[in-house]
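Input: a single structure, listed below in structure tokens.
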Amino acid sequence: MQIRPRRLRRTPALRALVREHHVRTDALVQPLFVVERASDAGPISSMPGISRFTVDGAVNEARELFALGVRSVLLFGIPASKDAVASSNEDPNGVVQRAIRAIKAALPDMLVIADLCNCEYTDHGHCGILNERGDVENDATVALLARVAITYAQAGVDVIAPSDMMDGRVEAIRCALDAHGFTEIAILAYSAKYASAFYGPFREAAGSTPQFGDRRTYQMDPPNAREALREMALDVEEGADAIMVKPGLPYLDIVRIARDTFEVPIAVYNVSGEYSMLQAAIANGWIEGDRAIDELLAGFVRAGADIIITYFAKEYARRHGAR
Ligand code: PBG
């Protein structure tokens, strides 16, 4: 007698029968870049297939996504004006606040998640308020984030996703939301966010490249894993409803550890650089696009991700529908 695992791979129906993991379209989140100035709208050269939208354009895009079965979007704002203290991020009529209102008015059932950070709103491109040493001042930045979160909540956001990596921000945001009566708004914390080269195309898309230095004093050092557990545990203790690992591909071990350690939903962010490197290979004919994208997303599910934030969400839904 010989054990023959190949028996269960013989036909498509058999393979489907024993398939262990499935990518669900309703677990995908499509990031959307929303611009305040119409002249900033249009395709992003380093991210083929992805565009920046005006608020009206974002509503149309959200409508298309929803019809295809993608039920969640993650908003990033690109404001018309920047300053040292990210004032345009606190504006109740700022670009993200207006986009939240417009999308929720047009599509009440679309889940609207707002990325909460300051790097798109500061003229220096760092994620918060700088001190005299040119480093981001933690507690002043946390206070600013909590104020901004209230304006997103007032606009009708469903989920707030802080991506700044300041210490103590989840608790501060939770307390501020609760104090203003927004007890039902969830926090999806970018908990294990690494100082990654894979954010390159995003920074072009969002105009958020630091004008000096880098983000290594607040984002995590790529070789660290125990520290990711510590960051995630802190965010859960501080009241995060779900936690995130970012980037995705180089950090699938962290996704697995997160899934095995915590009870809250685990999100993974398949970031801009991961998107662009695959698109570049597809454009060159070096790799078969549809199969590679499906395999990539299946890998995130297999690693333990419950929520996948990916620029491929629309493309996946177009091919597979709402399943
Ligand atoms: C804001 C933020 C970034 C990304 C998400 N939120 C950029 C950064 O930290 O520099 C990256 C997303 C991507 O690369 O797709 N802080």
Side-chain angles (χ1 to χ4, degrees), residues 28-34 44-52 72-79 82 86 88-89 95-96 113-122 124-130 136 138 141-142 144-145 148-149 152 159-166 169-170 173 187-222 231 243-251 267-280 296-297 300 305 307-315:
L28 304 182
V29 180
Q30 176 78 46
L32 292 181
F33 298 105
V34 191
I44 300 159
S45 63
S46 57
M47 299 181 71
I50 302 295
S51 290
R52 301 189 197 89
S72 308
V73 290
L74 172 62
L75 301 184
F76 292 94
I78 297 154
K82 304 183 187 225
S88 51
N89 202 8
V95 60
V96 162
I113 310 172
D115 180 274
L116 174 58
C117 196
N118 293 303
C119 57
E120 302 103 293
Y121 303 87
T122 52
H124 45 73
H126 279 285
C127 297
I129 295 168
L130 297 180
V136 175
N138 194 88
T141 300
V142 168
L144 168 61
L145 290 165
V148 175
Y152 292 179
V159 179
I160 289 180
S163 66
D164 51 286
M165 288 300 278
M166 296 301 117
R169 91 275 210 215
V170 172
I173 293 163
I187 296 177
L188 164 59
Y190 287 71
S191 302
K193 177 172 176 179
Y194 288 87
S196 173
F198 289 89
Y199 307 149
F202 173 96
R203 291 183 186 170
E204 185 206 312
S208 63
T209 309
Q211 296 306 300
F212 61 89
D214 54 40
R215 304 209 201 290
R216 287 175 216 261
T217 68
Y218 40 105
Q219 299 180 348
M220 284 181 47
D221 197 25
E231 285 281 8
I243 55 179
M244 194 195 300
V245 175
K246 177 187 174 189
L249 282 181
Y251 300 94
V268 66
Y269 199 141
N270 176 214
V271 301
S272 58
E274 301 170 43
Y275 174 85
S276 298
M277 71 179 177
L278 192 49
Q279 287 292 28
L296 171 82
L297 298 181
F300 292 128
I307 302 164
I308 304 171
I309 302 168
T310 177
Y311 301 95
F312 289 117
K314 187 179 190 184
E315 166 60 24

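Predicted, not measured: the structure shown is a model, and the values here were computed from it. Scope of the values below: all heavy atoms of this structure, side chains included, with no hydrogens, waters or symmetry mates. Indexing begins at 1, ligand by ligand and atom by atom, following the structure's order.
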> D164 pairs by side-chain hydrogen bond (donor to acceptor under 3.5 Å, both in side chains) with which of R169, K193, H126?
Replying inline: R169

Can you list the ligand 1 atoms lying under 4.0 Å from a non-hydrogen atom of [X]?
X	answer
S163	1 (C), 2 (C), 6 (N), 16 (N)
F76	5 (C), 6 (N)
Y269	12 (C), 15 (O)
R203	8 (C), 10 (O)
K246	2 (C), 3 (C), 4 (C), 5 (C), 6 (N), 11 (C), 12 (C)

> Looking at ligand 1, does any of its N/O atoms fall within less than 3.5 Å of an N/O of S208?
Replying inline: no

> When you measure from atom 9 (O) of ligand 1 to every protein heavy atom, which one gives the shortest distance, and what is it?
Replying inline: K193 NZ, 2.7 Å

>> Please list the nearest protein heavy atom to atom 12 (C) of ligand 1 with its residue and the distance rounded to 0.1 Å.
In response: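 Of every protein heavy atom, F202 CD1, 3.3 Å lies nearest to atom 12 (C) of ligand 1.
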
> Can you find a side-chain donor-acceptor pair between D115 and Y152 that sits under 3.5 Å?
Replying inline: no

> Taking atom 13 (C) of ligand 1 as the point of reference, which of C117, C119, S272, C127 owns the nearest heavy atom?
Replying inline: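 Checking each option, the heavy atom nearest atom 13 (C) of ligand 1 is found in S272.
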
> Can you name the one residue among Q279, Q30, K314 that meets side-chain contact (heavy atoms from CB on, under 4.5 Å) with I50?
Replying inline: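 Filter result, single survivor: Q30.
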
> A195: what forms a side-chain contact (heavy atoms from CB on, under 4.5 Å) with it, not counting sequence neighbours?
Replying inline: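 side-chain contact (heavy atoms from CB on, under 4.5 Å) check on A195 returns R216, Q219.
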
>> Could you work out, with side-chain contact (heavy atoms from CB on, under 4.5 Å) as the rule, every residue matching T122, not counting sequence neighbours?
In response: A86, N118, H124

> Can you tell which part of D115 has a heavy atom less than 4.0 Å from ligand 1: side chain, backbone, both or neither?
Replying inline: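 Only the side chain of D115 comes within reach of ligand 1.
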
> Of the backbone atoms (N, CA, C, O) and the side-chain heavy atoms from C-beta on, which set of Y275 has a member under 4.0 Å from an atom of ligand 1: side chain, backbone, both, or neither?
Replying inline: neither

>> If you apply the rule side-chain contact (heavy atoms from CB on, under 4.5 Å), what do you find for F76 with I78, and how did you get there?
In response: CA-CA 7 Å; F76 292 94; I78 297 154; 5.8 Å; no

> Checking side-chain hydrogen bond (donor to acceptor under 3.5 Å, both in side chains) for the pair S46/E204: CA distance, chi angles, key distance, verdict?
Replying inline: CA-CA 8 Å; S46 57; E204 185 206 312; 2.9 Å; yes

> Just wondering, more than 12 heavy atoms not from Y190 lying within 6.0 Å of its OH?
Replying inline: yes

